[in-house]
Q: 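Please see the structure below; I have some questions.
Quick note on labels: first sequence line is chain A, next is B, and so on, each numbered from 1.
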There are 2 protein chains.
Amino acid sequence: MTENNSIYNLSTPVVLIDENIVDANIKRVQSYLDQAGKKSRPHIKTHKIPRFAQKQLDAGAIGITCQKISEAQVFADAGIKDIMLTFNIVGAEKMEPLRHLNEQVTLSVVADSAATIEGLAAAFDGHKPLTVLVECDTGGGRCGVQSPAEALALAKKIDAASGLTFGGLMTYPSPNGEDDVDLFFNQTKALLDEAGIACPVLSSGGSPSLFSAEKAKSATEHRAGTYIYNDRSLVRAGHCTFDDCAMTILATVVSRPTDNRAVLDAGSKALTSDLLGFSDFGYIVDYPEAVISGLSEEHAVVDLSACKDKPKVGDKIRIIPNHTCVVSNLMDQVALHRNGEFIEMIDVAARGRVW
Amino acid sequence: MTENNSIYNLSTPVVLIDENIVDANIKRVQSYLDQAGKKSRPHIKTHKIPRFAQKQLDAGAIGITCQKISEAQVFADAGIKDIMLTFNIVGAEKMEPLRHLNEQVTLSVVADSAATIEGLAAAFDGHKPLTVLVECDTGGGRCGVQSPAEALALAKKIDAASGLTFGGLMTYPSPNGEDDVDLFFNQTKALLDEAGIACPVLSSGGSPSLFSAEKAKSATEHRAGTYIYNDRSLVRAGHCTFDDCAMTILATVVSRPTDNRAVLDAGSKALTSDLLGFSDFGYIVDYPEAVISGLSEEHAVVDLSACKDKPKVGDKIRIIPNHTCVVSNLMDQVALHRNGEFIEMIDVAARGRVW
């Protein structure tokens, strides 16, 4: 590496993505899911960058997962051909953009209520049919029908709508909820078989349950996102080490008001306030004993009490965030590098696409 | 209002800003600071929108406060002429943009260390001099020198640098810390007088201490931000009522999986994870008894147990966020309206300017 293209010359705070680690993470997870007999449909919320989605597809993913129409449109425009929107799309004003997307790519959405299905059915009658999966609450406690009987009723409703095609079942499971996924999916599948309704896709997902995906035997595909970058929460979960974390935030020490206090130029606008069960706001790679004890929007206050060596004003340090996906959503661009050698700034093209 | 331009026709989630309330909030605070004998230098972090800064100036503000060069540049390019950057600007790569900004507007920055001052002095020698205030830690526990003696030493250092001009003292106080501000400012002012160093500006700030600004008698100006929109935290603090909150997030109920659970299409990408001491993630105007108990990136899980009336799938509801500034930083655009009548989408021009 020459001095000139070191990441340490970048203006801070800046989000760094190590493409070597990205490549290794994609390879590792695709290989795991191949062995587990699950198709991979990565969730792009972690990176929000079409070229990284393309890397995932090149490695063997069958398509991508998005949650909002406006972010899916970014990936469709970049040439991605198969997108599952794991969201109840509700509201008259969303139907024209959804039809547009459905004309452009192989699209599927999910629904967990008659109201959602009725809205979709009215909007797609007479158009290219929209594939709809039934979302099942297998213990995650968010969206989803509460029982196989409800799932059957909605599947019938989708099947009966001329503008819709029943696509299968989808769940966002609770961590280690593979048995519950299997129970719900198998019971529903039996009801669908009885009713003569084909169920081509049984989609489970999530990063917390990624490396136990093979235990949900009924699932045909798995949707995980965070693994491409990894973060402090996945290190805690035992999924990876700090060396497997592709995203770091480069920050500068801008103040050393007292012997045990440092202040960084990266606040909640760079690290987010997501604690994810931690009591501090990130892991400082260069000073593992340091504690990011408080954030305001542009400042991080760091407690250095436990540190033998302490940074000085002007030092640049790297932070592994608690939760990587929400950091991506703050940044218009991230800095690509390989092992510290800066490559280029790239747009986080689907950042901020909230609807 | 005609049906067509109702805010309820907008695609959700969307951040709504009621310009009537903005105007009233600006008028109220300018009038308060006028009576308190303090100049107003509003912090633009809350809105990040040049036209709102111009409203604040038109009402009587003397200039604006920013924290980062890149956000200040947005306001300079929009014609704002007086900007205080309340940040230690550190790092060789930041000096050319800072010089550029200093040529364009009446600029001041702050410093709390010899290292920061030395970096600035080297960069501005031979250029238009940069005004530098000394940042004082009067109890806020973030940046700032710890004693009047330290403040004096840095003031002398600034005064002696050919490229720098000493501009005064600046603090971000602790809530209700006006006595501490006065003590620190008065003691330092006396030392500066003895040393024959003029101290034109004594700048205090913050929204928590806004309506007690008159108690910090030594301060010549006050920097507050949040008052332009207000939020749930300022309602709790007794600064305003929910009716004074200009920002609401319009969201759609996309799922009603159980009798007591609703799921909204606004998650941490719209509301942020900032709890600010609350135990839930916002105040639902239309269902005050509802509790936003959990957020993921695109979903809010709402506990309806305490609600007599309950929303159904497709209903649009409005949320007052815990902390308004961090919501602004998520959105490329916000929807301006007056009392529910949609006016236009406007760019949050300085969103995401982190360095």
Q: Looking only at atom types and distance, does a side-chain atom of A:Lys312 sit under 3.5 Å from a main-chain N or O of B:Ala115, one as donor and one as acceptor?
A: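 No: the side chain of A:Lys312 does not pair with the backbone of B:Ala115.
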Q: Counting heavy-atom pairs closer than 4.5 Å to chain B, which one of A:Val14, A:Thr116, A:Leu275, A:Leu10 comes out on top?
A: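 Looking at each option in turn, the highest pair count goes to A:Leu10.
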Q: Counting heavy-atom pairs closer than 4.5 Å to chain A, which one of B:Ser70, B:Cys325, B:Ala270 comes out on top?
A: B:Cys325
Q: Are B:Asp137 and A:Thr258 close enough that some pair of their side-chain heavy atoms sits under 4.5 Å apart?
A: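 A side-chain contact is absent here, since even the closest heavy-atom pair is not under 4.5 Å.
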Q: Compare every heavy atom of B:Gln146 with every heavy atom of A:Pro257, then report the nearest pair and how far apart it is.
A: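 Here A:Pro257 and B:Gln146 meet closest at O-CG, 3.3 Å.
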Q: Where do A:Ser296 and B:Arg142 land on the side-chain hydrogen bond (donor to acceptor under 3.5 Å, both in side chains) test, with the steps shown first?
A: CA-CA 9 Å; A:Ser296 45; B:Arg142 201 166 65 182; 2.8 Å; yes
Q: Please name the residue in the list A:Gln67, A:His43, A:Lys45 that meets the side-chain hydrogen bond (donor to acceptor under 3.5 Å, both in side chains) test with B:Glu297.
A: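 Considering A:Gln67, A:His43, A:Lys45, a side-chain hydrogen bond (donor to acceptor under 3.5 Å, both in side chains) with B:Glu297 is found only for A:Lys45.
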Q: In terms of heavy-atom proximity below 4.5 Å to chain A, should B:Val145 be classed as side chain, backbone, both, or neither?
A: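 For B:Val145, there is no contact with chain A at all, as no heavy atom is under 4.5 Å.
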Q: Could you tell me the separation between the CG atom of A:Asn88 and the OG1 atom of B:Thr252, rounded to the nearest 0.5 Å?
A: 11.5 Å
Q: Can you confirm whether B:Thr272 sits close enough to A:Ser273 that some side-chain heavy atom of one is under 4.5 Å from a side-chain heavy atom of the other?
A: no
Q: Which pair of non-hydrogen atoms, one from B:Cys143 and one from A:Val263, has the smallest distance, and what is that distance?
A: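 B:Cys143 and A:Val263 have their closest heavy atoms at SG-CG1, 3.6 Å.
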Q: For B:Glu93, is there an ion pair with A:Lys316 - N to carboxylate O distance below 4.0 angstrom?
A: yes
Q: So which part of A:Glu71 gets closer than 4.5 Å to some heavy atom of chain B, the side chain, the backbone, both or neither?
A: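 Only the side chain of A:Glu71 comes within 4.5 Å of chain B.
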Q: Please report the shortest heavy-atom distance between A:Val90 and B:Gly314, naming the atom on each side.
A: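 Heavy atoms only, the tightest pair is CG1-CA, 3.6 Å.
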Q: What closest approach, in Å, do B:Lys269 and A:Arg353 show between heavy atoms, and which atom pair accounts for it?
A: NZ-O, 3.1 Å
Q: Looking at every heavy atom in both B:Pro13 and A:Trp355, which two are closest together, and how far apart are they?
A: CD-CA, 4.0 Å
Q: Decide yes or no for A:Val313 and B:Glu118: does some side-chain heavy atom of the first lie under 4.5 Å from some side-chain heavy atom of the second?
A: no
Q: Name the member of A:Glu150, A:Arg351, A:Glu135 that forms the most heavy-atom pairs with chain B at distances under 4.5 Å.
A: A:Arg351
Q: Give the member of A:Gly141, A:Gly352, A:Gly294 that has the highest number of heavy-atom pairs under 4.5 Å with chain B.
A: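 Among A:Gly141, A:Gly352, A:Gly294, the one with the most close pairs to chain B is A:Gly141.
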Q: Between B:His299 and A:Phe87, which heavy-atom pair has the shortest distance, and what is it?
A: NE2-CE1, 3.3 Å
Q: Would the distance check show the side chain of B:Lys94 and the main-chain N or O of A:Thr12 forming a donor-acceptor pair, the cut-off being under 3.5 Å?
A: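 Here the side-chain-to-backbone pair exists.
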Q: Yes or no on side-chain hydrogen bond (donor to acceptor under 3.5 Å, both in side chains) for B:Asp112 and A:Ser255, after CA distance, side-chain angles and deciding distance?
A: CA-CA 7 Å; B:Asp112 73 358; A:Ser255 177; 2.4 Å; yes
Q: What part of B:Ser11 gets closer than 4.5 Å to chain A, counting heavy atoms only: side chain, backbone, both or neither?
A: both
Q: Regarding B:Lys68 and A:Asp265, does a basic nitrogen lie under 4.0 Å from an acidic carboxylate oxygen?
A: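 A:Asp265 and B:Lys68: not salt-bridged.
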